[in-house]
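The first residue of the sequence shown is numbered 1, and numbering continues consecutively from there. Small disclaimer: the values here were computed from a predicted structure and weren't measured.
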Amino acid sequence: MAAEATLRDGKGSPEIGVQELLQQMERELHDLCQPVTSLQCRLELGKMMGGEAALAEAAEGALEDVARIFTAVSRMRAQLMLVMKPE
């Protein structure tokens, strides 16, 4: 029986299991899906509606979604950096 691989957690505990890290990443990726879907819908609606005002509104909303996406990716990156940081 193989022992579970572990990684540093950077939060006081010396290690977290790879499985726990994968679960954290799964939650983050799930949370990332909502703003990506919203971004896609906003852009498609703006395109379908046409006109300068609709496209400007879609672009404004898309920028908000991109900020949410960036935040989620930054959290995932920070979590990975904590566990992969050499001692």
Donor-acceptor under 3.5 Å (T71 side chain, A67 main chain): yes
Would you compute the distance between atom SG of C41 and atom CE of M48 and round it to the nearest 0.5 angstrom? 10.0 Å
Are L21 and L29 co-members of a hydrophobic cluster defined by side-chain heavy atoms under 4.5 Å apart? yes
In terms of heavy-atom contacts, L55 and K47 come closest through CD2-N, 4.0 Å
Could you tell me the separation between the CD atom of E64 and the CD1 atom of I69, rounded to the nearest 0.5 Å? 12.0 Å
Heavy-atom pair of closest approach, residues M76 and M25: O-CE, 3.9 Å
Quick one: closest heavy-atom pair of G46 and A58, and the distance? CA-CB, 3.9 Å
Tell me whether R77 at atom CZ has more than 12 heavy atoms from other residues, nucleotides or ligands lying less than 6.0 Å away. no
So for atom CE, which belongs to M49, do other residues, nucleotides or ligands contribute more than 12 heavy atoms lying within a distance under 6.0 Å? no
dist R75:CZ -> Q79:CD (nearest 0.5 Å) comes out at 8.0 Å
Closest heavy-atom contact between L43 and A62? CD2-CB, 4.0 Å
Tightest non-hydrogen contact, residues L39 and D65, listed as N-OD2, 3.1 Å
Kindly check if the number of other-residue, nucleotide or ligand heavy atoms within 6.0 Å of CD (E57) is above 12? no
Going hydrophobic residue to hydrophobic residue with side-chain gaps under 4.5 angstrom, can you get from L63 over to F70? no
